[in-house]
Protein chains: 2
Amino acid sequence: MRFTSEQRLDDGVLERAFTLGEIPGILWTPASASAPAPLILLGHPGGLHKMYPRLVARARRSAADGFAAATIELPGSGDRPRSATAEQARVDLHRALKAGEPVDEEIVDRLVLPLVEKAVPEWQAALDAFLSLPEIGGPVGYSGGVIAIGIRLAVVEPRISAAVLFAGSFVPHTMFEEARQVTIPLHVLLQWDDEGNDRQLALDLFDAFGSKEKTLHANLGGHTGVPQFAGDAAARFFTRHLT
Amino acid sequence: MRFTSEQRLDDGVLERAFTLGEIPGILWTPASASAPAPLILLGHPGGLHKMYPRLVARARRSAADGFAAATIELPGSGDRPRSATAEQARVDLHRALKAGEPVDEEIVDRLVLPLVEKAVPEWQAALDAFLSLPEIGGPVGYSGGVIAIGIRLAVVEPRISAAVLFAGSFVPHTMFEEARQVTIPLHVLLQWDDEGNDRQLALDLFDAFGSKEKTLHANLGGHTGVPQFAGDAAARFFTRHLT
């Protein structure tokens, strides 16, 4: 991991951009940390630059609660090389959504499965790098979408102790079996009128998770309309489980 | 309203039993209140004596947040005269549940509709009495089941500003139209594996509510297994809306 820039935000949070091989990312650490901080991995749909305002807001909130936060660019997003297959799948998905047609499972598989396959080992390599820093300790949480990436990480990465999963993207049906294997505490956010999601599928997915502690917070509104109090509740979930 | 007994609980909360005509009830007020306190009406499935441990816990939590809390016995429960119709409907309901049969709508109608018709004006009369006390101000929230009573109250009683509704009992299908007329902020609690409820019906009901701010908190577990953190979240909802 090579730091490429750093700045102090006005609340004292240290923001450092880095590259991990070819993958760009951002690490935020609290203004003052006496001990190594627990870490929240901030998931997102891809496009660090476009997502920056929302990511930094989540990172500041995490830092205020005593957490470090970190994110990396997704394969095929932002400045990373595009995948022709994924781009075609995205076009097909948007065409189906725009036409008000049901989204074919095969499109979701083409879009999401290769992304999960590529992204999860990258998140794991990034986690190795984060945990090698003296200012980062554990435990580690995963927060956000892409929910399929969160599910796979929760199954294969034992260093992740709890997850806030945002049910705001499509999930391949084959991943329901993986959802049953998840056992860490989960806090699932669902926007009731999310335009990029299938509500019934999100409810079925919540039902499938194998975790003994799982909570669904559904709020009225669209994909980007998560209310402030829902973010606060997610933060309290991490405080309960990671401190 | 005639107070029949009073005691100070160990946290300083003043607990007073009362009767309002033939209806027994309990009022809890915070240890120290400089101004008239906002009020939370504590709904329950009937049987004040049996429900007391859970009611007093909810009242203490409310008092700690600065709220008065009050409840009354339901028609046909506790020491109040039984209704033969309701008793028969309850027998029929339990028989269907025990046999694993779908619960006939007609049974739910027989059980719930007359209860709502009788209980709602009683809650309103009790509210008149509570608000006439100098130590009780407003605003007023309704918390709990019977959810059908909460729905009707939210529609007909303008003094109720926000409600935490516990989706833990059956709702007559005719009440979905009333649910659409609810406009106050709602916080709906659903126990995912509630044995005395229909999950899909609870989700449909959440969808039907007309409120612009509505949140569903679903947690793993049965009817009485609402986790501590879910109670805390409901308390924060009232603090947001009633103070």
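Computed from a predicted structure; not experimentally measured. Throughout, a chain's letter reflects where its sequence line sits, starting with A, and its residues are numbered from 1.
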Per-residue contact mode, A/Leu190 against chain B (heavy atom under 4.5 angstrom): neither
Please determine whether a side-chain nitrogen of the Lys or Arg among B/Arg95 and B/Glu101 lies less than 4.0 Å from a carboxylate oxygen of the Asp or Glu. no
So B/Trp192 and A/Phe206, would you call those rings parallel, tilted or perpendicular, with 30° and 60° as cut-offs? perpendicular
Is B/His241 reaching over with its side chain to a backbone N or O of B/Ala163, donor-acceptor style, under 3.5 angstrom? no
Any ion pair linking A/Arg236 and A/Asp232 (charged N to carboxylate O, less than 4.0 Å)? no
Count the heavy-atom pairs under 4.5 Å between each of A/Asp193, A/Leu220, A/Val188 and chain B, then report the option with the highest count. A/Leu220
Could you tell me which portion of A/Gln200 (side chain, backbone, both or neither) has an atom closer than 4.5 angstrom to a non-hydrogen atom of chain B? side chain
